[in-house]
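The structure appears right after this line, and notes come after that.
Model, not experiment: these values are computed from the prediction. Proteins come first, then strands; the chains are lettered A, B, ... in the order of their sequence lines, and each starts at number 1.
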Number of protein chains: 2
Amino acid sequence: MVEAWLIAPIAALISIVVGLYYYRYVEKQDSGTERMREISDAIRVGARAFLRREYTVLFMFVGVISVLLLIFLPTPIWTGTPLNNVALMLAYIFGSSFSALAGFLGLTIATKANAKVANGAQQGLNKAFPIGFRGGAVMGFSVVGIGLLGISIVYFLTGDPEMVLGFSFGASALALFAKAGGGIYTKTADISADLVGKVELDLPEDDPRNPAVIADNVGDNVGDVAGMGADLFDSYVASIVAVMILGAALSLNFGLQYIQIPLVFAGMGIFASIIGSFTVRVSKNGNPGSALNLGTYITCVIFGVLTAIATYYLGYDWRIWGAAAIGLVAGVIIGVTTDYFTSEDKAPVMKTAEASKSGPAINIITGFSYGLRSIILPLIGIGIAAAVSYKLLEPLGGLSFGVFGISMAAIGMLSIVGLTVSNDAYGPIVDNAKGVAEQSGLSEEVIAITDKLDAAGNTAKAITKGFAIGAAGLTVISLLAAFKELAESALRAANPTLPITDPKVVVDFSFLNPMVLLGVLIGLAIPAVFSAMLMLGVGRNAERMIAEIRRQFREIPGLKEGKPGVKPDYAKCVDIATVGAIRELLPASVVIIVATLVVGFVGGITALGGFLAGAILSSLLLALLMSNAGGLWDNAKKLIETGAYGGKGSDAHKAAVVGDTVGDPFKDTAGPSLNTMITVMSLVASLFAALIVQYNLLGMLGL
Amino acid sequence: MVEAWLIAPIAALISIVVGLYYYRYVEKQDSGTERMREISDAIRVGARAFLRREYTVLFMFVGVISVLLLIFLPTPIWTGTPLNNVALMLAYIFGSSFSALAGFLGLTIATKANAKVANGAQQGLNKAFPIGFRGGAVMGFSVVGIGLLGISIVYFLTGDPEMVLGFSFGASALALFAKAGGGIYTKTADISADLVGKVELDLPEDDPRNPAVIADNVGDNVGDVAGMGADLFDSYVASIVAVMILGAALSLNFGLQYIQIPLVFAGMGIFASIIGSFTVRVSKNGNPGSALNLGTYITCVIFGVLTAIATYYLGYDWRIWGAAAIGLVAGVIIGVTTDYFTSEDKAPVMKTAEASKSGPAINIITGFSYGLRSIILPLIGIGIAAAVSYKLLEPLGGLSFGVFGISMAAIGMLSIVGLTVSNDAYGPIVDNAKGVAEQSGLSEEVIAITDKLDAAGNTAKAITKGFAIGAAGLTVISLLAAFKELAESALRAANPTLPITDPKVVVDFSFLNPMVLLGVLIGLAIPAVFSAMLMLGVGRNAERMIAEIRRQFREIPGLKEGKPGVKPDYAKCVDIATVGAIRELLPASVVIIVATLVVGFVGGITALGGFLAGAILSSLLLALLMSNAGGLWDNAKKLIETGAYGGKGSDAHKAAVVGDTVGDPFKDTAGPSLNTMITVMSLVASLFAALIVQYNLLGMLGL
């Protein structure tokens with residue numbers, strides 16, 4: 001049954017068809033009044049403008065990398081088989097393009113769906129909800145469909161998981177840009193709009209007088225939709241490629257199935273997600289948040305059943321199924337425990353809100369502290385999932401099977417990503433719908449419905465975020481194992497006479513090896529530096545934009561007072577955010593790639609392994625801290641806005657707004673970009689492993 | 001020349017004599033007017049009250065631990081040699097008492113010296129400066145003298161480095177309390193005094209109307225003097241014991257000298273510090289900051305020369321001297337590079353100050369980002385120092401010599417701690433002197449001199465902090481190596497028939513071992529949780545104190561207006577800070593000890609090793625981040641207060657005050673406590689290693 005893996009491309013194609021079906025469904029809905037259409041168009045135009053510029057820069061970047069790949073990888077072009085170099089380069093370009101396509105599709109429909117949801121809300125919750133969900137599902141099913149299709153094509157053409165690594169690298173490089181660039185954009189706009197609009201002038205959220213309001217809405221789409229889509233595309237592909245590479249090592253002795261199991265499981269995940277997506281419904285007075293979560297749980301169960309059937313019929317070892325199941329369960333548990341730290345009715349958010357009464361500093365200290373505390377449960381969750389799935393598979397044949405088990409747990413978590421992305425992309429769509437409703441003066445009743453839809457997005461996010469966090473953790477561990485695998489195979493090739501247990505052909509990750517230690521310590525710092533560069537970018541960009549907003553309020557007569565017919569210059573703000581985001585993301589992206597290569601080519605493969613391990617650990621720590629603290633500050637502010645601890649306009653509220661603003665780049669720029677960053681670093685290290693084994697400074701100096 | 005190590009107790013005794021000499025020098029100086037004496041007395045009474053209560057709780061804690069040690073360590077008392085258990089317990093109690101004594105002495109003289117410095121300032125800078133420096137030197141020389149004397153006594157009586165470990169654990173347990181408790185106290189008082197006094201009522205710093213002003217001054221002493229003293233006592237002892245344990249392993253094959261080299265080098269360090277301390281002088285218009293730094297550099301050179309002489313005459317390998325020298329040089333370099341991030345005339349502080357113009361949120365984001373960026377250079381410095389000192393000694397005989405090299409680099413950094421503590425303790429003394437001068441209405445001119453003295457403290461701190469950071473990093477790595485050494489010796493004892501290269505008797509630190517991985521991930525979270533507990537403690541405590549300060553201003557008639565004769569109730573604030581600090585530090589201290597034991601007794605020695613490694617990495621990251629960000633915010637505020645970016649009272653200044661307040665518990669509570677925390681965890685793990693090898697849940701279940 002070697003052809004069983006063909007289930008993957010079939011599922012991928014079906015997924016794309018389902019995505020198109022949902023696209024047509026959303027497209028058919030009415031966009032409402034002219035004013036609504038106008039706002040929605042402005043958002044789409046702004047978002048596309050951003051994407052166009054970003055993609056332009058990006059394709060130059062891709063071009064440069066392509067040339068480098070062509071010359072140097074998998075082996076320098078002058079050393080042998082140039083065809084391999086061409087193939088790897090094409091796989092890389094292919095990965096970037098597919099990822100860009102998925103992001104573009106998702107963004108297009110999301111920016112159309114917003115007005116349609118707002119319009120649907122006039123006829124009730126049960127009319128608006130499916131437009132929002134299905135708008136998100138277009139993104140969800142494009143991401144998994146296009147991703148898995150791409151992997152299948154590359155694998156079909158080359159039969160070589162290392163080429164799939166090239167595809168994955170293409171996707172990651174794009175994701176890094178999309179996520180980091182989108183993250184800078186969205187927070188520039190958000191912070192600037194809030195600081196001048198809400199804090200200085202006391203305007204409500206989404207007030208059309210605010211020159212940054214369109215940029216803010218655009219930001220939700222380029223950051224949360226396009227960025228998140230590219231990010232999950234990247235994680236999804238990377239998790240599959242990691243397990244394929246680990247499986248390839250096993251397949252030498254145990255058969256081709258180990259390369260293909262992840263493809264089969266991923267295919268089943270798509271089927272489960274599709275079925276699950278059709279069960280997501282809500283009645284007129286129903287709870288949309290529960291509907292989304294119920295869909296997730298149903299999908300999990302279906303995935304468990306489908307993969308069990310596949311395991312039975314294809315004769316896989318049940319332990320492999322067990323590892324995937326552990327991943328799935330761990331994802332849910334991590335989600336539930338993380339939720340505790342960001343829920344409005346739990347101690348962390350309540351205490352932070354209360355602390356706001358003592359001013360912004362105490363709000364920051366309290367929220368940050370709870371953010372620090374929040375990291376322990378997910379880390380324990382990831383650790384236990386990894387250890388158990390390792391121990392479960394270890395009896396099949398030792399360490400290689402053990403790490404294969406960890407990577408299968410990651411597959412388990414990410415397999416239902418079609419559905420989790422749908423839920424995630426639903427969030428910004430309904431958030432924007434609320435914006436459209438407010439800016440076009442729809443009734444309070446309608447706005448209340450969009451509010452309810454928006455809150456549901458946050459509820460669903462808690463669970464899907466658990467999956468994302470857990471999967472990211474397990475995936476990077478698998479990527480580290482894949483790096484070790486590739487590096488050792490290169491070491492063995494370079495030292496063909498040594499036995500395979502010789503220390504010279506084994507990549508040591510021992511903390512007390514001085515080169516590992518040096519690598520670990522440098523690696524530890526990289527995620528911090530990367531986060532800092534992005535956040536400083538947001539700060540710089542926001543300063544430019546704040547100046548512009550203040551200028552408009554000062555110079556455009558009647559704007560502040562809301563004189564009819566007076567409009568701010570939205571486009572100028574969109575432009576500032578766009579140019580600034582692109583300017584700020586490039587150095588950060590270059591730094592991490594260069595740092596990886598420098599550590600490798602100077603310190604050698606051992607230092608590079610330590611470097612990856614250090615970077616993984618610190619990115620897990622910082623990503624959890626920043627995401628959770630950011631979410632917590634946001635909700636503490638929302639809690640106060642419901643009237644608690646003095647309510648809107650009180651000093652406590654002002655303090656909470658400061659916390660929320662600090663949290664913005666934490667949770668929407670730096671935190672989520674770290675995941676992509678570490679994937680890129682791991683892939684670069686894996687791709688260059690063979691070259692680094694041959695050429696590295698300390699090695700050449702005999703140290 | 002086996003008796004060469006006796007240089008250590010001799011140097012220790014001389015150090016104590018020098019400390020007493022400086023004590024008498026300070027004691028003889030005039031304390032000024034009655035009002036000055038009164039303030040100084042109030043501070044001393046408050047500080048002693050805190051220490052008395054803290055020590056009371058602490059000795060109960062020590063009592064409980066002593067009983068546990070007596071019963072269980074080094075082996076359960078029923079299994080054989082009860083005398084060993086008694087000895088270890090006594091060493092532990094001895095360590096706690098000696099550390100407490102050093103803290104008490106330092107605190108007593110510091111709280112006397114403040115008024116004397118203020119009084120001296122009336123006669124000029126060159127009169128005041130030596131009082132401040134020598135006041136600090138009492139602490140400096142007590143710490144090293146008492147520490148090294150204690151180690152020598154225990155080693156002399158038992159000849160067993162493991163018993164010295166017990167002494168070190170006693171010192172650490174006390175340091176944890178002193179540092180964390182003092183840190184909570186000082187920041188509770190500081191934040192509360194600032195928030196109500198400066199922000200709400202616009203009172204100047206150290207205004208006598210502020211009910212928290214005495215508590216604030218007390219805090220500087222219990223946090224910065226007693227806490228810091230206990231902390232460095234602990235690091236100093238731990239670094240020596242780590243290298244003694246690693247040396248003990250070498251001494252089996254290579255002679256006793258390897259246990260004793262650290263003692264000899266530490267003795268030389270004391271001589272160097274003493275000579276260096278007598279060179280610290282300043283002329284009437286001199287620069288006290290340069291004087292302090294010059295003293296440090298001179299001491300470094302003398303240390304290099306003295307140890308070279310010892311190396312030559314005692315016939316040690318020059319490579320060992322080289323490792324210590326590398327440590328010393330690395331300490332200076334780390335200090336200089338770290339200084340960049342917290343200097344008022346460098347980009348990070350200036351940009352953060354400028355960002356304050358856009359409000360507190362942008363100030364926080366900017367400062368935090370620079371804090372993140374600041375960690376890379378020290379980490380690279382520690383990594384290179386470790387790798388080079390390892391590689392330098394490795395040729396002598398492999399890995400064991402390599403890690404011995406790392407620990408000698410730590411010794412190099414910490415050997416001149418007598419002088420660096422003097423410089424550090426100088427800071428709070430002159431800071432308090434300024435407070436006394438202001439509260440007792442001395443002239444502007446005198447206050448300007450105390451200001452200049454205060455600024456010098458910050459200059460000196462940059463270099464000494466570099467030493468502290470670097471030494472902490474290298475020491476914890478040595479402690480990890482010492483843990484590995486003790487654990488492996490226990491494993492070999494438990495499996496006497498296995499060859500010493502069998503994986504069963506080797507502690508694996510490989511990142512992809514599932515138990516190591518699980519341990520690493522949990523360990524990664526512990527420093528974060530610990531920091532959070534301390535900072536939340538500060539937050540809670542500050543809330544209580546803010547309420548009290550507000551109450552006093554509300555209820556005491558004439559207080560706010562400064563009516564003559566109306567005094568706030570200082571004692572009440574001192575009391576709140578004291579009770580709160582003790583209440584908040586206990587759970588945090590217990591949590592880390594219990595976590596270490598739980599991971600060990602459940603997961604076994606491999607998980608525990610990973611746990612320590614993870615905790616070390618995350619504590620390095622967080623400690624650097626928090627210390628540097630905190631210092632940066634502080635100086636950004638000070639920069640604005642000099643008139644830049646709007647100056648005092650501007651919106652930018654208000655924003656910078658928020659940043660400074662957030663930074664307070666970062667840099668003075670959580671950041672510096674992490675060092676002690678990790679030492680305690682390492683020592684607990686090392687002490688219990690043998691027991692854990694025999695009894696651990698997963699091992700017993702055969703997993």
### Query
Parallel, tilted or perpendicular: which fits the ring planes of B:Phe368 and A:Phe368, with parallel below 30° and perpendicular above 60°?
perpendicular
### Query
Do you know which of B:Ala532, B:Ser510, B:Gly609, B:Gly614 has the most heavy-atom pairs with chain A at a distance under 4.5 angstrom?
B:Ala532
### Message
Please classify the contact of A:Ile526 with chain B as side chain, backbone, both or neither, using a heavy-atom distance under 4.5 Å.
### Response
side chain
### Message
Please identify, among B:Leu620, B:Ile375, B:Leu379, the residue contributing the most non-hydrogen atom pairs under 4.5 Å to chain A.
### Response
B:Leu379
### Largest heavy-atom contact set with chain A, pairs under 4.5 Å, which of B:Val658, B:Ile380, B:Leu524
B:Leu524
### Task
Under the side-chain contact (heavy atoms from CB on, under 4.5 Å) rule, what do B:Leu621 and A:Leu617 come out as? Steps first, then yes or no, please.
CA-CA 11 Å; B:Leu621 192 163; A:Leu617 292 176; over 6 Å; no
### Pairwise side chain to side chain donor-acceptor pair (under 3.5 Å) hits with a residue in residues 361-388 of chain A, at least two apart
A:Ser356-A:Asn363, A:Asn363-A:Trp633, A:Ser374-A:Asn628
### Message
Quick check on A:Phe511 against chain B: is it the side chain, the backbone, both or neither that has a heavy atom closer than 4.5 Å?
### Response
both
### Query
For the residue pair B:Ala528 and A:Leu372, what are the closest heavy atoms and their distance?
O-CB, 3.4 Å
Tabulate below the donor-acceptor pairs under 3.5 Å that side-chain atoms of residues 512-522 of chain B make, not counting sequence neighbours, or state none.
| from | atom 1 | to | atom 2 | distance (Å) |
| --- | --- | --- | --- | --- |
| B:Asn513 | OD1 | B:Met515 | N | 2.9 |
| B:Asn513 | ND2 | B:Asp508 | OD2 | 3.2 |

### Message
Ignoring hydrogens, what is the shortest heavy-atom contact between B:Ile362 and A:Glu543? Give both atom names and the distance.
### Response
CG2-OE2, 4.2 Å
### Query
Given a strict heavy-atom distance threshold of 4.5 Å, which part of A:Lys484 is in contact with chain B: side chain, backbone, both, or neither?
side chain
### Query
Do you know which of A:Ile406, A:Val403, A:Ile477, A:Leu534 has the most heavy-atom pairs with chain B at a distance under 4.5 angstrom?
A:Ile477
